[in-house]
Peer 1: 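Let me give you the structure first, and then I'll get to my questions.
Since this is a predicted model, take the numbers as computed values, not measurements. Within every chain, numbering begins at 1; the chains are lettered A, B, ... in the order of the sequence lines, protein sequences first and strands thereafter.
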Amino acid sequence: MHDDPILDGLNEAQRDAVTHEGSPLLVVAGAGSGKTRVITRRIAWRIRAGLLPWRTLAITFTNKAAGEMRERVASLVGDSRVWLSTFHALGARFLRMEADAFGVDPNFTIFDAQDQATLLREILKQQGLGGREHRPRDYAAAISSLKNLGELPPEEETGDRELDVYRAYERALEESRALDFDDLLCRTVRGLEADDALRDRLAGRFDTVLIDEYQDTNRIQYRLVRLLVDGHRDVCATGDPDQSIYRWRGADVRNILDFERDFPGTRVVKLEENYRSTNGILKAASVLIAHNTQRVERELWSRLGDGEPIRIAAASTEGDEARQVVQGVERAIADGYGPHEIAVFYRTNASSRAIEQALRDRNLPYVIVGAVEFYERREVKDLLAYLRLLVNPRDVLDLQRVVNVPSRGIGTKSFAALRSHAEATGRPVREVVFDADAIPGLRPAGRRAIRGFAELLEDLLAMPTSPVRPILERVIERIGYRRYLQDADDPLTDERLENVDELVRALHEYDLATPDGSLERFLAETALVRSREADADDEPRITLMTLHAAKGLEYPVVFVTSLEEGILPHSRSMDSDDAIEEERRLLYVGMTRAQRRLSLSYARSRGGYGGSFGGVSIPSRFLTELPEALIEGRLPGRRSLEVVDDSAWFEPEAYDDAPPFEPGDRVIHDRFGVGRVVRLSGFGPTAKVTVDFLEVGQKKLILEYAALRKALGGVE
DNA sequence: GTTTTTGCACTTTTT
DNA sequence: GTGCAAAAAC
């Protein structure tokens, strides 16, 4: 019917969303309803109709999503000049383009959460708040919300602890010519709101704006959208209120709920056919999410049939849970799924450890999304700090990080002298290094050390800013960084050395891809990126990530772990109904990532902090909210929430331990004789094993009751 | 003064 | 098991 490749394979609603023109458009897109497809096709459609690619702006939630969309748009349109970025990257780009108008240094450094914490720790100490009860992260959170409310720091000391820390923090950022994540948005918005000409120059660059994951935008982002769009009102937002999982970060679902009111004349298109999951998975997820009271009722449906039942696995400990999951992974592989088609989700980053261990024990390849990402590793940060220092001479934190790595005899005292001299003279810290003789209060040894460091800097600064790789290589060579890592008594040495190589490779790739690049631009583009895809080998890997990181992705086989009260829902989210509903959405997001096979698991006791903290867990209330008809394995009792005596949750040992067999094992049964295990299915008390017996043929047995013993003799 | 070692407190989720 | 801060060793 439709020969048009842009509309090919789209349903009616999707086609509507792709082709609508003339008024604001809101696409309410349920999980798996082909939202990304709609956005990319819409961009293609509009460009074919005459819209200029470089006057098109698409905003995504993560850099990863931006990258993926860039590829898809490029292959669809054959043009990669569409502006595709996150809100933060867009802010950073605007700020650098018009640094003067915004009143920022064009070479500003971006401080990540770690940098922020380091800085705040120092400030807290200065203000006499060094005790452990004052946690840098708490202040960071408080400052973040002040910034997002548009509150500027006070001019004078106020006596209010929080405000004074905020004030000192801002001054320190300014001193280092640094901005934090919130600044990227707040300063952009403040600048655009205050200066109409500036607003015309920047917002006026775009004829159309698309925003993905609109349910997770916060108030500042909303204001930025208004600024970008009010000139033409050619705006398209997509999102799903049921997948709003960033309320804790200031995301405001009202943005999407109020879209029609904010943009009168909005056309709303709802995408409700799910192309991703089996109906079983979808129904279970729908039943779960229906427990949320603050919700517009909506039903997703799929043509894919009920599929396999959802499996629920009970384990006795965290390690046991991990082993069961890995067993499920192996079973999936035996059933023909590739490792890259399998994902394991967990609530907190710390939970990855047990799964990793279990995967390593079975020699299965995996990759972790999130956790300590590439650009957050110590060795990578060290080297990048050297590079950043070459670009931004005022970055105190970078100098501090680098000045004594490797140890060259410039400790805290020497650095303090250097720093106060810089402050006293108003000169950039980096420049003061060259004036070792003029710094008061240095001992001869320290002075000599600083002179040596100055020589190093001089040598590095003499290099051209492009290509980039030789600069890094010179840094590594001059400071003897590889030797330094090798000599350290650190179990991670090999990994760190690999990361150093990987960083060199990244710079090399940048040089190849960007002939007109420079160190400044490389750092600017890298600042907001956390991960680096290790493209060294393309071995398919099992993916591990937090539930938050899973949004927008899909996998044929999905494991969601740690469904326990206190973890999912998290204990810090249990005091309000709103927070519980957000946790429920989080599980909903996790479940709806699964295309064909979904498994949920929990452990009856979980040790925190390396096993020291023992406690019995109660299975998550969310498990009891699932429809029993779609489940294989036993749902924890419906009375679970009223059970006070935790010991009620201890079950017979037999079934929670990892089944002792794998497909292929030879076994002996008292009645049926010798046989070979064909497959294992299910978890917990209903786990079944199919055995091909020599004499009686295939039998399906319940693992717990089948008196099976492993036979000697191995595989045929 | 600087470097290394030990002891302590802590883990939600991310741009 | 980790990361940070105070204590001990260089």
Side-chain angles (χ1 to χ4, degrees), chain A residues 59-66 85-92 110-114 116-118 121 125 130-133 135-137 140-141 144 148 179-185 213 216-218 220-221 244-251 345-354 356-357 369-373 375-376 378 404-417 441-446 449 488-489 491-492 527-531 545-551 562 566-574 579 582-583 585-586 589-590 606-613:
Chain A
I59 300 173
T60 58
F61 194 68
T62 62
N63 292 298
K64 193 175 174 186
S85 77
T86 63
F87 276 105
H88 290 87
L90 182 72
I110 297 171
F111 276 10
D112 63 16
Q114 260 180 63
Q116 223 179 347
T118 309
R121 206 179 337 269
K125 212 185 294 171
R132 272 182 297 280
E133 66 275 23
R135 296 201 315 227
R137 304 267 166 183
S144 175
N148 281 305
L179 301 180
D180 63 21
F181 284 125
D182 295 313
D183 287 331
L184 298 177
L185 300 177
E213 308 282 11
D216 281 326
T217 52
N218 63 25
I220 288 282
Q221 288 165 336
S244 154
I245 54 176
Y246 284 94
R247 213 181 48 117
W248 54 274
R249 199 175 88 178
F345 303 149
Y346 34 80
R347 177 65 233 268
T348 70
N349 279 306
S351 309
S352 69
R353 201 171 309 283
E356 277 184 83
Q357 184 62 53
V369 178
V372 187
E373 286 276 18
Y375 286 102
E376 287 160 16
R378 186 166 62 79
N404 211 24
V405 173
S407 312
R408 50 172 77 87
I410 310 176
T412 41
K413 294 281 171 173
S414 302
F415 181 74
L442 274 181
R443 294 157 22 103
D489 178 26
L492 295 166
L528 293 169
V529 180
R530 289 178 76 202
S531 62
M545 69 184 101
T546 63
L547 285 162
H548 283 89
K551 194 172 63 160
S562 60
I567 309 282
L568 187 63
H570 197 273
S571 52
R572 301 220 179 174
S573 301
M574 302 231 273
E582 177 143 318
E583 296 285 305
R585 289 193 293 269
L586 196 54
V589 166
R606 189 172 293 269
Y609 321 125
S612 55
F613 155 114

Peer 1: Can Phe87(A) be called stacked on dT15(B) when the rule is centres closer than 5.5 Å and an angle between planes below 30°?
Peer 2: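 Answer is no, no stack.
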Peer 1: Give a yes/no on whether any side-chain N or O of Asn349(A) is located under 4.0 angstrom from OP1 or OP2 of dT14(B).
Peer 2: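 Yes, such a contact exists.
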Peer 1: Provide the closest heavy-atom pair for Gly409(A) versus Ser414(A) in the form atom of the first, atom of the second, distance.
Peer 2: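 That closest heavy-atom pairing would be O-OG, 4.5 Å.
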Peer 1: Does the plane of the ring in Trp248(A) sit parallel, tilted or perpendicular to the ring in His548(A)? Use 30° and 60° as the thresholds.
Peer 2: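 Answer is perpendicular, since the angle exceeds 60°.
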Peer 1: Please check this pair: side chain of Gln116(A) against backbone of Phe111(A), looking for a donor-acceptor N/O pair closer than 3.5 Å.
Peer 2: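 Answer holds: no.
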Peer 1: dT15(B) phosphate, OP1 or OP2: any side-chain N/O from Asn63(A) under 4.0 angstrom?
Peer 2: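 No, Asn63(A) has no side-chain N/O under 4.0 Å of OP1/OP2 on dT15(B).
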Peer 1: What integer distance in Å separates Lys125(A):NZ from dA5(C):C1'?
Peer 2: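 Rounding to the nearest Å, NZ of Lys125(A) and C1' of dA5(C) are 8 Å apart.
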Peer 1: Starting from C1' on dG1(C), measure out to CD on Glu356(A) and report it in whole angstrom.
Peer 2: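 To the nearest whole Å, that distance equals 12 Å.
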Peer 1: So, is Thr412(A) near the phosphate of dG1(B), with a side-chain N or O under 4.0 Å from OP1 or OP2?
Peer 2: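 So the side-chain polar atoms of Thr412(A) never come under 4.0 Å of the phosphate oxygens OP1 or OP2 of dG1(B).
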Peer 1: Arg121(A) side chain N/O closer than 4.0 Å to the phosphate oxygens (OP1, OP2) of dA5(C)?
Peer 2: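 Checking dA5(C) against Arg121(A), a side-chain N or O does come within under 4.0 Å of OP1 or OP2.
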Peer 1: Glu376(A) CD to dG3(C) C1': how many Å, rounded?
Peer 2: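 In whole Å, dG3(C) C1' lies 15 Å from Glu376(A) CD.
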Peer 1: What does Ser571(A) touch in the nucleic acid at a heavy-atom separation under 4.0 angstrom: a base, only the sugar-phosphate, or nothing?
Peer 2: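 Here Ser571(A) touches no strand at all.
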Peer 1: Just N and O in the side chain of Thr546(A): are any of them under 4.0 Å from OP1 or OP2 of dT14(B)?
Peer 2: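 True: Thr546(A) side-chain N/O within range (under 4.0 Å) of dT14(B) OP1/OP2.
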Peer 1: Between the side chains of Glu582(A) and Arg585(A), is the shortest nitrogen-to-carboxylate-oxygen separation below 4.0 Å, so that they form an ion pair?
Peer 2: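 So Arg585(A) pairs with Glu582(A) through a salt bridge.
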Peer 1: Can you measure from CZ (Arg137(A)) to CD (Gln114(A)) and round to the nearest 0.5 angstrom?
Peer 2: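 The CD atom of Gln114(A) is 7.0 Å from CZ of Arg137(A), to the nearest 0.5 Å.
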Peer 1: Between Thr217(A) and Ile59(A), is there a side-chain heavy-atom distance shorter than 4.5 Å?
Peer 2: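 Ile59(A) does not reach Thr217(A) side chain to side chain.
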Peer 1: CD1 of Ile567(A) versus P of dT13(B): gap in Å, rounded?
Peer 2: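 Nearest whole value for this atom pair: 11 Å.
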Peer 1: May I ask you to evaluate whether Asn404(A) reaches the phosphate of dT3(B), defined as a side-chain N or O under 4.0 Å from OP1 or OP2?
Peer 2: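 Yes, Asn404(A) has a side-chain N/O under 4.0 Å of OP1/OP2 on dT3(B).
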Peer 1: Choose from dG1(B), dT13(B), dT3(B) the nucleotide whose nearest atom is closest to any side-chain atom of Ser407(A).
Peer 2: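 So the nucleotide nearest the side chain must be dT3(B).
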Peer 1: Name the pairing partner of dT13(B), where a pair is Watson-Crick or G-U wobble with both distances under 3.5 Å, or state none.
Peer 2: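 Here dT13(B) is not engaged in any pair, so there is no nucleotide opposite it.
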Peer 1: In whole Å, what is the span from the CG atom of Asp216(A) to the P atom of dT13(B)?
Peer 2: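 Going from CG in Asp216(A) over to P in dT13(B) covers 16 Å.
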Peer 1: So, is Arg135(A) close to the dT11(B) phosphate, meaning a side-chain N or O under 4.0 Å from OP1 or OP2?
Peer 2: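 The answer is yes; a side-chain N or O of Arg135(A) sits under 4.0 Å from OP1 or OP2.
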Peer 1: Provide, to the nearest angstrom, the distance between the CZ atom belonging to Arg137(A) and the P atom belonging to dT2(C).
Peer 2: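 In whole Å, dT2(C) P and Arg137(A) CZ are 17 Å from each other.
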Peer 1: Which heavy atom in Tyr346(A) sits nearest to a heavy atom in Ser351(A), and how many Å separate them?
Peer 2: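 In this case the closest contact between Tyr346(A) and Ser351(A) is CB-CB, 3.7 Å.
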Peer 1: How long is the line joining CD1 of Ile220(A) and P of dT15(B), in whole Å?
Peer 2: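 That distance rounds to 19 Å.
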Peer 1: Given the P atoms of dT13(B) and dC4(C), what is the spacing between them in whole Å?
Peer 2: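 Roughly 16 Å separates the two P atoms.
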Peer 1: Closest approach to the side chain of His88(A), judged atom by atom: which nucleotide of dT13(B), dT15(B), dT2(C) is it?
Peer 2: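 Output: dT15(B).
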Peer 1: Can you tell me how far C1' of dT2(B) sits from CG of Leu442(A), to the nearest Å?
Peer 2: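 Result: 14 Å.
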Peer 1: Using purine N1 to pyrimidine N3 plus N6-O4 or O6-N4 for Watson-Crick, or N1-O2 and O6-N3 for G-U wobble, each under 3.5 Å, what pairs with dA7(C)?
Peer 2: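 Paired with dT4(B).
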Peer 1: Start at the 5' end of DNA chain B and walk down; is the nucleotide closest to Lys413(A) or to Ala549(A) reached first?
Peer 2: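 The answer here is Lys413(A).
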Peer 1: When all nucleic acid strands are considered with a 4.0 Å heavy-atom cut-off, which category describes Gly409(A): base, sugar-phosphate, or nothing?
Peer 2: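 Sugar-phosphate contact only - Gly409(A) comes under 4.0 Å of backbone atoms but never of a base.
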Peer 1: Which nucleotide, dG1(B), dT13(B), dG1(C), lies nearest any side-chain atom of Thr348(A)?
Peer 2: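 Selected nucleotide: dT13(B).
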Peer 1: Of the options dT15(B), dT3(B), dT14(B), whose atoms approach the side-chain atoms of His548(A) most closely?
Peer 2: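 Shortest atom-to-atom distance from the side chain points to dT14(B).
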Peer 1: Choosing from dT15(B), dT2(B), dT11(B), which nucleotide comes nearest the side chain of Ala350(A)?
Peer 2: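 The nucleotide sitting nearest to the side chain is dT11(B).
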